[in-house]
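Since the model is a prediction, treat every value here as computed from it, not as a measurement. Chain identifiers are assigned alphabetically (A, B, ...) following the order of the sequence lines, protein sequences preceding nucleic acid strands; residue numbering begins at 1 within each chain. FYI, side chains are in, hydrogens and waters are out, and symmetry mates aren't considered; it's all heavy atoms of this structure.
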Number of protein chains: 2
Amino acid sequence: MSQRSEFRRKGRATIIDVGRVAGVSDATVSRALNTPEKVSKATRQRVEHAIAETGYVPNPLAKAMVSGRTFTVGALVPTLDHAIFSRFLNALETELSHQSYNLVVAVTDGDNAVEVKKAEKLLSMGVEGLIVTGLSHNAELLARAQRAQVPLVATSYFEPTAALPTIGYDNERAAVLACDHLVALGHRNIAVIHGPVATNDRTRSRVDALRAMPPDIKLQFIETSLDYRGGGNAVTSWDPAVTAILCLSDVLAMGALFKLQAMGKQVPADVSLMGFDDMDVSAFLTPPLTTLHLPIAQMGRDAAQAVCRYLEEGTPIQSVELTARVAVRGSTAPLA
Amino acid sequence: MSQRSEFRRKGRATIIDVGRVAGVSDATVSRALNTPEKVSKATRQRVEHAIAETGYVPNPLAKAMVSGRTFTVGALVPTLDHAIFSRFLNALETELSHQSYNLVVAVTDGDNAVEVKKAEKLLSMGVEGLIVTGLSHNAELLARAQRAQVPLVATSYFEPTAALPTIGYDNERAAVLACDHLVALGHRNIAVIHGPVATNDRTRSRVDALRAMPPDIKLQFIETSLDYRGGGNAVTSWDPAVTAILCLSDVLAMGALFKLQAMGKQVPADVSLMGFDDMDVSAFLTPPLTTLHLPIAQMGRDAAQAVCRYLEEGTPIQSVELTARVAVRGSTAPLA
DNA sequence: CTGTTAGCGCGTTCAG
DNA sequence: CTGAACGCGCTAACAG
């Protein structure tokens, strides 16, 4: 127990050890393992026996080294602790797993510097592909990935002119779509509640698009923290002229809804409320939340497939646009 | 563009190439990279220049192979698409990252066979540690990990007599604690809503513990799907004698709460409602959800630290018990 | 069918 | 301070 540095993987049997006890060469053991049909049944069994006896387990690193493959893909997300990213990663992992790839995840906290650092770690552990969130990244990230000859894909965004392939949706259009729903219901005075734009390019795109709405639609923007508390705080006091609230995230919408309920306000009777994301829970709220549905799981599957296809067949990764749509539910109503 | 199998990592510069253009040996390049202080400033700069010129990037696999280390830890969770596991993984990743380890995640869908398969994949990619959820696993999992000499730790459970170290809480005690809160409020007729016990040993433990409660407390158990819909379905019709509902997951509690609201029932006036987990959202609901708080983030940090300490110093992994406690909020009230 | 011979790319002795 | 040599564990080629 006093072995300091070598307490781990002490004297693990190698393929040579197995060969020795089986009375064959290492190459034969390798063959017995990888192409059993090319080995006589007799020796195969001696090898199997020897493997059991020595407790041999193949060294994955050596295998990876010689094949040059790790079957590992890395994903960088702002946080794991948000339903949207979990759903994305869940789909990503499921699909990668189908294709026999592993998923390494790293969280960036929305900090580009952290992102670069973590990307470098992923690269230096041998990921064969890198999936990032959003479009704004340090140039260094692109450079590193390119030098490592590792494909890089951006998600949660569709922007065909970007420097890297994007798999996602058009955030600007989605925001307008959402707003249009409220406008179509007759609302002209709308509060837009959103998270920090400084650290989130998706939010910024959505806000920018809304700012470009026709001037007859009065929009007032409220930036708050991207959590339930933030959503609640944003509605504690607001212009009574506002007849509808558009939250650029369902988390904010839920925070707002619960606070409104606590304040005794009726949704949608007193005010229409709309979210953005369409989390699992949104459809089950009372009232069910009208929201902009984002095809998150699909995005995860597509990203996985794009990377795998590149890795397996060399197919260049193409940007793909997924369509966001309004999920009309009970939290929005025509202006009385 | 017609290179089928070798389109990837084509002719990447090696440490030898760098040495050649720098006019030094590969060993010197290696030193310049890993122990710069042992190289003269002059050569160091020539090496740096040569690296830039060749676009050299170290081969992570070769490095891993010679050092025998991947700095990678694997986590197996039933799903990523649930706030509890995301929070756990978020904390896990954050802490591992601090210690310069990477996190590979695999989802098992609560299927032990899948778990074994995925564990094997993780092992065969070289993870140095394995973190699993819950206590019931195929024996094969234990065997594989042991043979690969990879530490294995179970979470979401504390059970000092288990075959592997456990980092988590006492599910039975926690369930009783939760129930006791309702009992202390005077409730004697309680509906217990829970997810499938067949695929979830934590749930089973909680249910079992509740079944052992004193007989003067009338408990009726309702098993449903572990999602918002399931929570809602479970309350659409129930014995009017029931004065309190204990959900063994906040997701179920939320599903129940929203459905009750839709049914026009008042919580806690008409019925007390209690959850289990304490998700981020729970404190912000209207009414704020009384729930059994589980120290999930702490569990992630502790698991990461235990594995790292083992990997770095050989410190054996000890089971650690984290304490769950009732978070009393507004959704429960004394029996009228 | 099986053994022998070469590496894979890098770190790490050991001499100089 | 630097270079030559060796080894990590395994697979792929080539003989036999």
Side-chain angles (χ1 to χ4, degrees), chain A residues 5-6 8-48 50-51 54-71 123-126 147-149, chain B residues 5-6 8-47 50-51 54-71 123-126 128 147-149:
Chain A
S5 55
E6 279 306 316
R8 231 165 343 101
R9 43 193 78 222
K10 186 64 184 170
R12 279 178 39 164
T14 78
I15 205 171
I16 295 188
D17 299 324
V18 176
R20 188 163 32 222
V21 332
V24 299
S25 76
D26 51 350
T28 299
V29 177
S30 176
R31 273 187 294 253
L33 245 30
N34 303 307
T35 50
E37 70 279 8
K38 303 193 131 194
V39 170
S40 79
K41 184 160 188 183
T43 44
R44 198 187 321 151
Q45 298 200 326
R46 307 219 336 270
V47 169
E48 279 164 12
I51 287 181
T54 55
Y56 166 76
V57 35
N59 182 326
L61 286 60
K63 195 177 296 190
M65 156 128 179
V66 58
S67 69
R69 307 225 35 192
T70 60
F71 292 97
L123 254 14
S124 80
M125 74 159 276
R147 292 194 4 166
Q149 297 179 234
Chain B
S5 55
E6 278 306 316
R8 233 166 338 103
R9 45 192 77 221
K10 185 67 185 167
R12 278 176 41 163
T14 79
I15 206 171
I16 295 187
D17 300 323
V18 176
R20 189 162 31 223
V21 331
V24 298
S25 76
D26 53 348
T28 299
V29 176
S30 175
R31 274 187 292 255
L33 245 29
N34 302 307
T35 51
E37 70 278 9
K38 303 192 133 194
V39 171
S40 79
K41 183 160 188 182
T43 43
R44 197 188 320 151
Q45 299 199 327
R46 308 227 325 278
V47 169
I51 287 181
T54 55
Y56 166 76
V57 34
N59 181 327
L61 285 61
K63 195 177 297 190
M65 154 126 181
V66 56
S67 68
R69 306 224 37 192
T70 60
F71 292 97
L123 254 16
S124 80
M125 73 162 275
E128 299 187 50
R147 289 192 7 165
Q149 297 180 235

#### Entry: Candidate nucleotides dT11(D), dT2(C), dC10(C), ranked by approach to the side chain of V66(A) - the nearest
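Closest nucleotide among those given: dT11(D).
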### Side chain of Y56(B) (C-beta onward), nearest among dT11(D), dC10(C), dC10(D)
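The answer is dC10(C), which lies nearest to the side chain.
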### Message
Please compare A27(A) and I15(B) by the position of their nearest nucleotide in DNA chain C and report the one closer to 5'.
### Response
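Nearest-nucleotide comparison on DNA chain C picks A27(A).
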Rounded to the Å, how far apart are [X] [atom1] and [N] [atom2]?
X      : N       : atom1 : atom2 : value
L33(B) : dG9(C)  : CG    : P     : 16 Å
E37(A) : dT2(C)  : CD    : P     : 13 Å
M65(B) : dG9(C)  : CE    : P     : 12 Å
R46(B) : dG3(D)  : CZ    : C1'   : 14 Å
K38(A) : dA13(D) : NZ    : P     : 10 Å
D26(A) : dA6(C)  : CG    : P     : 14 Å
L61(B) : dC10(C) : CG    : C1'   : 11 Å
R31(A) : dA13(D) : CZ    : P     : 12 Å

Are any of [X]'s side-chain N or O atoms less than 4.0 Å away from OP1 or OP2 of [N]?
X      : N       : result
T43(B) : dC1(D)  : no
S30(A) : dT11(D) : yes
N59(A) : dC8(D)  : no

### 4.5 Å side-chain heavy-atom contact, I51(A) and L33(A)
yes
### Query
Any side-chain heavy-atom pair from T14(A) and N59(A) closer than 4.5 angstrom?
no
### Query
With sugar-phosphate meaning primed atoms plus P, OP1 and OP2, does S25(A) contact a base, only sugar-phosphate, or nothing at under 4.0 Å between heavy atoms?
base
### Task
Would you mind classifying the nucleic acid contact of V24(A) as base, sugar-phosphate or nothing, using non-hydrogen atoms under 4.0 angstrom?
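Sugar-phosphate: the residue V24(A), judged by heavy atoms under 4.0 Å, touches backbone atoms but no base.
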#### Entry: Backbone N/O of A32(A) and side chain of R44(A): donor-acceptor pair under 3.5 Å
no
### Query
Any idea which heavy atoms bring L123(A) and P60(B) closest together, and the distance?
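It is O-CG, 3.7 Å.
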### Message
Return whichever of A62(A) or R44(B) has its heavy-atom-nearest nucleotide of DNA chain D closer to the 5' end.
### Response
R44(B)
#### Entry: side chain to side chain donor-acceptor pair (under 3.5 Å) partner of S30(A), chosen from T28(A), D26(A), N34(A)
N34(A)
